There are 2 protein chains.
Amino acid sequence: MASIKDVAAEAGVSAATVSRVLNDHPSVSADARTRVLAAVETLGYRPNAVARSLRTDQTHTLGLVISDVLNPYFTELARSVEEEARALGYSVIIGNADERPDLQDHHVRNLLDRRIDGLLVSPTDGGSPLMLDAARAGTPMVFVDRWIPGVDVPVVRADGRAAVRDLVAHLRGLGHRRLAIIAGPAATTTGRERVDAFREALGAYGLALPDAYVGQGDFQAESGRRVTEGLLDLPEPPEVVFAADNLMALGALDAVRARGMRVPDDIALAAFDDIRWFVHTDPPITAIAQPTGELGRAAVRALVARIEGRPGESVTLPARLVVRRSCGEPPSPLPPLSPAPRSTP
Amino acid sequence: MASIKDVAAEAGVSAATVSRVLNDHPSVSADARTRVLAAVETLGYRPNAVARSLRTDQTHTLGLVISDVLNPYFTELARSVEEEARALGYSVIIGNADERPDLQDHHVRNLLDRRIDGLLVSPTDGGSPLMLDAARAGTPMVFVDRWIPGVDVPVVRADGRAAVRDLVAHLRGLGHRRLAIIAGPAATTTGRERVDAFREALGAYGLALPDAYVGQGDFQAESGRRVTEGLLDLPEPPEVVFAADNLMALGALDAVRARGMRVPDDIALAAFDDIRWFVHTDPPITAIAQPTGELGRAAVRALVARIEGRPGESVTLPARLVVRRSCGEPPSPLPPLSPAPRSTP
DNA sequence: ACACCCCGTGTAATCGATTCCAGCACCGAG
DNA sequence: CTCGGTGCTGGAATCGATTACACGGGGTGT
């Protein structure tokens with residue numbers, strides 16, 4: 001592969017001049033510039049990003065460590081992160097932690113070794129020494145979705161509190177009284193907060209959240225299935241199951257179906273995180289939707305600001321309730337019978 | 001951040017010795033080794049992967065360019081690729097082309113600039129000069145899922161021909177005669193092959209595939225919706241719609257629902273690529289399942305073989321039909337009523 | 001005793017870029 | 001004619017690693 005020296009030789013100039021042309025440095029003669037560009041063209045030269053990074057101490061790369069690629073919420077997040085980063089002149093390297101702290105550490109270490117300019121993390125746990133040290137050592141960092149308390153790192157996330165209140169109001173309005181939740185890992189903020197918000201909202205209706213109605217999941221489908229089976233086995237099973245993420249809702253659906261029971265007749269179901277498929281499940285699932293794309297973009301903006309020495313602040317966006325039919329009678333009098341408003345020529 | 005010189009100074013040896021210790025070079029005294037390791041520990045030293053790559057001309061990194069991260073098929077592929085690569089000592093950088101040739105080129109260029117050791121591609125189109133040149137220039141490369149004919153690059157993919165025949169047999173068995181397909185872009189192999197396989201299977205039953213029954217999609221949900229609307233508007237609409245990927249099936253479902261029609265009563269639906277949600281859609285969707293994880297792993301093995309100078313061959317694995325209820329009467333006499341075989345204590 | 005070898009180590013070159021600094025040519029002003 | 005810019009250019013240092021080569025010291029074989 002051609003190097004800058006080859007280009008220099010081809011153009012009859014020094015490597016320094018080639019570099020200046022490529023970096024739009026003003027003091028290059030028009031003549032030299034055209035000769036260099038011609039040489040670049042004929043050799044098909046492309047600058048070696050590795051060498052450039054070593055010299056400039058900048059990789060123009062962001063690391064993104066997410067908890068689970070197979071979760072549509074995170075892939076949507078990853079997509080918007082990459083999009084915004086690209087618009088700002090950065091590339092993104094994604095690390096998938098699969099909800100495993102050891103894998104998370106592996107990726108953080110790998111990204112740090114590659115000298116990425118900044119790190120976007122949705123932590124799987126309370127934070128390993130590695131990550132905390134990096135933050136303290138001044139690695140530009142931003143937390144997305146989940147965060148670690150007590151660390152001086154901006155947090156970009158959605159606040160689901162109001163939406164959870166709306167959900168509980170909706171459930172109460174349908175007459176449900178025994179409400180259970182499939183929680184995420186207590187080591188994650190979203191794992192704790194969603195339970196807290198749920199309990200708080202129930203409290204506002206004078207309802208308690210008994211321990212038996214708090215199932216411990218791990219944000220994976222299998223745990224949703226397992227927890228739901230446990231809930232159904234209770235002497236007094238809940239009337240509603242609220243899954244703290246979409247994969248656990250999938251698992252819950254598996255469990256309910258395996259018993260030959262029906263949603264919402266036998267048990268109601270709601271989920272945190274909305275995904276496109278929820279419109280077409282049987283029944284369509286009521287969910288709390290996060291502004292995922294906006295979160296990803298805001299996180300990148302905050303991180304790039306930090307990298308470039310600007311402040312880079314925390315952002316909290318509201319989530320909202322999307323009512324469908326999985327908790328009981330439909331929001332509208334009848335399921336849609338007529339075509340959608342758009343014209344069909 | 002500490003460099004190898006700092007470690008050398010701390011340990012009272014030269015940088016060469018530090019390097020030898022870190023790379024398990026045999027000729028280092030036990031004494032020097034312990035002093036170096038101690039220095040590494042106290043300084044929290046981590047080798048700079050950028051510098052190392054520049055010197056050794058190896059990044060231990062694979063590039064993976066996929067057509068669409070939001071497609072569960074590709075995220076599953078990406079996950080298995082990363083897993084196998086990690087097991088073999090490589091990292092993976094993912095580029096998402098979003099089915100756009102220009103974006104695909106952007107990522108290929110970016111990955112090449114970073115001097116990745118090898119490239120895994122699921123091409124969005126017939127191949128830009130950039131990619132073809134790279135292949136010819138000897139960049140280790142492997143195609144996954146989709147490929148480009150006439151290029152000397154191993155291909156790892158699933159063969160859906162038999163499964164499509166099974167599907168058509170299933171549809172014929174249910175009495176369907178007017179079968180339509182929502183095709184992928186003609187520029188992709190999977191876009192063409194799935195139509196060909198479908199037409200061939202129909203032929204075996206003496207059925208034709210009229211042009212009007214071949215809708216042109218682009219593997220995205222929106223195109224599935226649009227094409228389905230067109231099919232439904234036909235004077236003689238098809239009895240079955242076969243979507244060439246899962247996202248277009250989602251779009252088809254959107255379109256059918258917007259008309260207040262029902263699957264499979266008013267129209268049957270089947271899809272290429274199986275995903276977990278298809279079990280829970282209304283109705284559960286009959287699909288052709290690829291051995292996605294195995295494809296990803298095989299692709300990595302082939303690529304790493306090429307990188308390390310070994311042959312690295314093409315692999316073709318069979319896909320299989322998974323019958324559910326979206327094409328008509330259920331495979332079993334009744335939908336499951338009893339609990340799943342696993343015991344519930 | 002001498003030649004030889006092996007072990008452990010350091011010096012220095014190298015990878016491909018960027019950038020400081022010095023120098024050369026040419027210009028206009030005094 | 002000289003002086004001081006100004007504009008362009010190349011030489012060389014540098015980033016942080018790896019590795020070929022040389023060297024000193026100690027052991028071994030004859």
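Just so it is clear: chains get the letters A, B, ... in the order the sequence lines come, proteins before strands, and each one is counted from 1. Remember, predicted model here, so these are calculated numbers, not experimental data.
Here the P atom of nucleotide D/dG16 and the CG atom of B/D57 are 20 Å apart, to the nearest Å. When rounded to the nearest whole Å, the span between CZ of B/R35 and C1' of C/dG10 equals 14 Å. Distance, A/R46 CZ to C/dG16 C1': 15 Å, rounded to whole Å. When the C1' atom of D/dT19 is taken as reference, atom CG of B/L54 falls 14 Å away, rounded to whole Å. Between B/N48 atom CG and D/dT18 atom P there is a gap of 10 Å when expressed in whole angstrom units. Look at CG on A/D24: it is 12 Å from P on C/dT18, rounded to the nearest Å. Separating the CZ atom of B/R52 from the P atom of C/dG16 is a distance of 18 Å, rounded to the nearest angstrom. Note: CE (B/M1) to P (D/dG16) measures 11 Å, nearest angstrom.
The residue B/V13 sits close only to the backbone: its heavy atoms come under 4.0 Å of sugar-phosphate atoms, none of a base. Backbone-only engagement by A/V28 is indicated by non-hydrogen atom pairs under 4.0 Å involving sugar-phosphate atoms exclusively. Across all strands, A/V18 comes closer than 4.0 Å to no nucleic acid atom at all (heavy-atom distances). Residue A/T56 is in sugar-phosphate contact alone, with no base atom involved, counting any heavy-atom pair closer than 4.0 Å across all strands shown. Note on A/A49: nothing from the nucleic acid sits closer than 4.0 angstrom, heavy atoms only.
In this structure a side-chain-to-backbone donor-acceptor pair under 3.5 Å is present from B/Q104 to B/T124.
Going from atom CZ of A/F74 over to atom CG of A/D245 covers 8.0 Å, rounded to the nearest 0.5 Å. A distance of 8.5 Å separates CG in B/L132 from CG in B/L130, rounded to the nearest 0.5 Å. Taken to the nearest 0.5 Å, the CZ atom of A/R20 stands 5.5 Å off from the OG atom of A/S27. Remark: B/D68 CG to B/L70 CG distance equals 5.0 Å, nearest 0.5 Å. With values rounded to the nearest 0.5 angstrom, B/L43 atom CG is found 11.0 Å from B/M1 atom CE.
When the side-chain nitrogen and oxygen atoms of A/R20 are compared with OP1 and OP2 of C/dT19, none of them lie within a distance under 4.0 Å. For the pair A/T17 and D/dT9, the criterion of a side-chain N or O lying under 4.0 Å from OP1 or OP2 is not met. Between A/S19 and the phosphate of C/dT19, there is no side-chain N or O to OP1/OP2 separation shorter than 4.0 Å. Contact annotation: B/S14 reaches the phosphate of C/dG10 (side-chain N/O to OP1 or OP2, under 4.0 Å). One finds a side-chain N or O of A/S29 lying less than 4.0 angstrom from the OP1 or OP2 phosphate oxygen of D/dT9.
Side-chain atoms of B/I4 lie closest to D/dG16 of the nucleotides C/dC15, D/dG10, D/dG16. Nearest nucleotide to the A/A16 side chain, out of C/dT18, C/dG10, D/dG11: D/dG11.
Each of B/S27 and B/R115 lies near DNA chain C, and the nucleotide nearest B/S27 is the one positioned closer to the 5' end.
B/R55 contributes no side-chain N or O that forms a donor-acceptor pair with the base of C/dG16 under 3.5 Å.
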